[in-house]
There are 2 protein chains.
Amino acid sequence: MSTLSEVARRAGVTSATVSNVLRNRGRVGEQTRQRVLEAVEALNYRPHLAARALAEGRAPTIALMVSSIANPFYPEFALAVEREARKSGHFVIICNTNEDPHAGRAYLDQIAGTLSEGVLVMNANLDFDDLHKTQARGAPVVLCMWERPDDPPGLPCIAVDFRLAGQLAAKHLIELGHRRIGAIVGSKPSGIHASRYEGFIDAMREAGLKVPAKNVRYAPDTIQGGYTAARDLLEHDANMTAIFATNDLPALGTMHAAADLGRNVPRDLSVIGITDIQLAQQSRPPLTTVAVPTVEAAELAVTLLRDLIERPTRKHGAHQKAPRMCVTSEPRLIVRGSTQKR
Amino acid sequence: MSTLSEVARRAGVTSATVSNVLRNRGRVGEQTRQRVLEAVEALNYRPHLAARALAEGRAPTIALMVSSIANPFYPEFALAVEREARKSGHFVIICNTNEDPHAGRAYLDQIAGTLSEGVLVMNANLDFDDLHKTQARGAPVVLCMWERPDDPPGLPCIAVDFRLAGQLAAKHLIELGHRRIGAIVGSKPSGIHASRYEGFIDAMREAGLKVPAKNVRYAPDTIQGGYTAARDLLEHDANMTAIFATNDLPALGTMHAAADLGRNVPRDLSVIGITDIQLAQQSRPPLTTVAVPTVEAAELAVTLLRDLIERPTRKHGAHQKAPRMCVTSEPRLIVRGSTQKR
DNA sequence: CTGAAAGCGCTAACAT
DNA sequence: ATGTTAGCGCTTTCAG
């Protein structure tokens, strides 16, 4: 690793000048400029980002906290985050909390504000206290997918109207003529998917339909979780004609369960999910789902974070404004092959 | 962000002492120690990792270059990398090259050796020249999944015997009684999957079987790619009873194609892949595949990289040893539901 | 056991 | 147009 001053010496100038040509700051004579560039080339010099970060008082990275990158939804999101982050020269550090608040805290303590300028939080099951502390230390935090635009979390966030997503899904099923509809909720009862379920209930009630508790299952947010829940549901009520899942993964599991039970989707059973992950297009039949603006959310999240980094909110001001919230465009129904008229 | 010296001042000591207690270096009196800890707590102090990195001349991160984190295989790998990296206090920066050597170079130029101590390369389609330059600059590079243990790439690497994987897959099909077997190769003809295909050919030849060119397709390494290729294959040879794909994703696509063509898997068509990604267990029927030791490869890769970081090879020594190569344990066949006797 | 001081590689005024 | 000079926050000898 050669350094700035080595380059400077070789070019017969001072390091300030080298810095200037490298960053196109200040005026530099064309010839010196050339000599510097040659020296850079000759020495295979690259600026030391950590040193630069220290000198500038900023960092070229942001952290993305997720519960586990192995959940197929997150990579899609992470990819979008990275794309957007690159625009401002930020690298992204992926932090897998594995749903463990302790691991999450460890990450925040180490990274936030030192290695990374800010942190994006995506369903990582973090302690809000830790998040506030992180903010207080000067590292902006933004929640990437807040599920309730009508109920701000007290932290900057990107909100997606997931209640609406639930409504849309239920309405679709109802319009198709389904009445006995089961629900699989991919979280604990008042967990992250609660508002999706509420939306579902809303639409059902509006149509004069009840959802008895025995038609609802809470399950892990995975294909396997959906599979188990769906089997359970289907075995308890052979007349159920449709199943709504709060996420695509359990919906996919539901299709498998149906297949194993000899029920054809969509003929015997309609299935709908939420999100529209890539896999949703690739199942047989392709999954009908309510698409959520993932990429948009990612871009907004990075943009908001950047903004917070640029214009730090005064931490101890008397008139602390409410944390900013951006709402994405609305979720929309994508009809594919897993639902049909009954 | 409070700093070391602020903490020092508050504790009535000097920053060297604070540094010592924080890192358990040097001897520190118990009482001073306590006072320092209190000050740290009171100020909500966290060490500035970039500053520390600069002072120590090392960095707390490693970079993982992948073509796109959205390919479902990579997140599994990335997760394992991260777990292992954490053990030595390294964070991982994900670099999506998007198969673009130019993007890859840009990443290497910026990150390697400054923000991150070393780089892990996973099928990122990088220029070997760039990789060598990176190394020369002092940032160790390791290739994470080299496909041919018998043909070292001239860079440190983790090798997986993918030729064997191809053989295992073919043998399984042959033992099941299949003779007319199609192949879908998930790369360009002499691309990354070549050795898997060679292994397949080997086993076929050994069994006295030919693979006419018309029974082979080169396709993108995706579900969709496999789907298209399989349809093509099946429509050209209605008597084909099995298809071997060099990767799970195209194998999954093959199953979809079969379904759409009214061919039952495994009754009418056996399908086998390579890798054993999580999705392989979750298809209907579950996919028979040759499992590759992903997690092991990830761990070895990080370990090797760490080693290279610790003990830098002299770059210009006369007796430059051949770059180190670690070979993982062997791939092994996992029989599930997508293959059967014919 | 603790303090003083130098320096990691770079940037950013301020001089010249 | 280029050089000088201070740091950024931390670690690390080396003294005391």
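Everything numeric in this text was worked out from a predicted model, so none of it was measured. Throughout, a chain's letter reflects where its sequence line sits, starting with A, and its residues are numbered from 1.
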K133(A)/D129(A) under salt bridge (Lys or Arg N to Asp or Glu O under 4.0 Å): CA gap, chis, key distance, verdict: CA-CA 6 Å; K133(A) 262 194 195 149; D129(A) 264 18; over 6 Å; no
Interface with DNA chain C, restricted to residues 28-56 of chain B and to heavy atoms under 4.0 Å: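 Those residues are V28(B), G29(B), T32(B), L54(B), A55(B).
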Contact list for residues 111-121 of chain A, test side chain to side chain donor-acceptor pair (under 3.5 Å), sequence neighbours left out: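 Listed once each, the pairs are R58(A)-E117(A), H90(A)-E117(A).
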Salt bridge (Lys or Arg N to Asp or Glu O under 4.0 Å) partners for [X], two or more places apart:
X	answer
E84(A)	K87(A), R306(A)
R10(A)	none
R25(B)	none
R83(A)	none

Interatomic spacing from CD in E82(B) to SG in C95(A) - rounded to 0.5 Å: 6.5 Å
Pairs where residues 45-56 of chain A contributes a residue and the test salt bridge (Lys or Arg N to Asp or Glu O under 4.0 Å) is met, not counting sequence neighbours: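 Listed by first then second residue: R23(A)-E56(A), R46(A)-D109(B).
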Qualifying salt bridge (Lys or Arg N to Asp or Glu O under 4.0 Å) pairs with a residue from residues 61-75 of chain A, counting only residues at least two apart or across chains: none
Expected output: side-chain T61(A) to main-chain L115(A) donor-acceptor under 3.5 Å: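 At least one qualifying donor-acceptor pair exists.
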Side chain to side chain donor-acceptor pair (under 3.5 Å) partners of R105(B), counting only residues at least two apart: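 Result, side chain to side chain donor-acceptor pair (under 3.5 Å) vs R105(B): D130(B).
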Those residues of residues 11-22 of chain B lying under 4.0 Å from DNA chain D by at least one heavy atom: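 Those residues are A16(B), S19(B).
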Start and end of the DNA chain D segment that chain B contacts, any atom under 4.0 Å from a heavy atom: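 From 5' to 3', the first and last contacting nucleotides are dG9(D) to dT12(D).
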H132(B), NE2 atom: more than 12 neighbouring heavy atoms under 6.0 Å: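 Result for NE2/H132(B): enclosed.
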Contact boundaries on DNA chain C for chain B, cut-off under 4.0 Å to non-hydrogen atoms: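 Span of nucleotides near chain B: dC1(C) to dG9(C).
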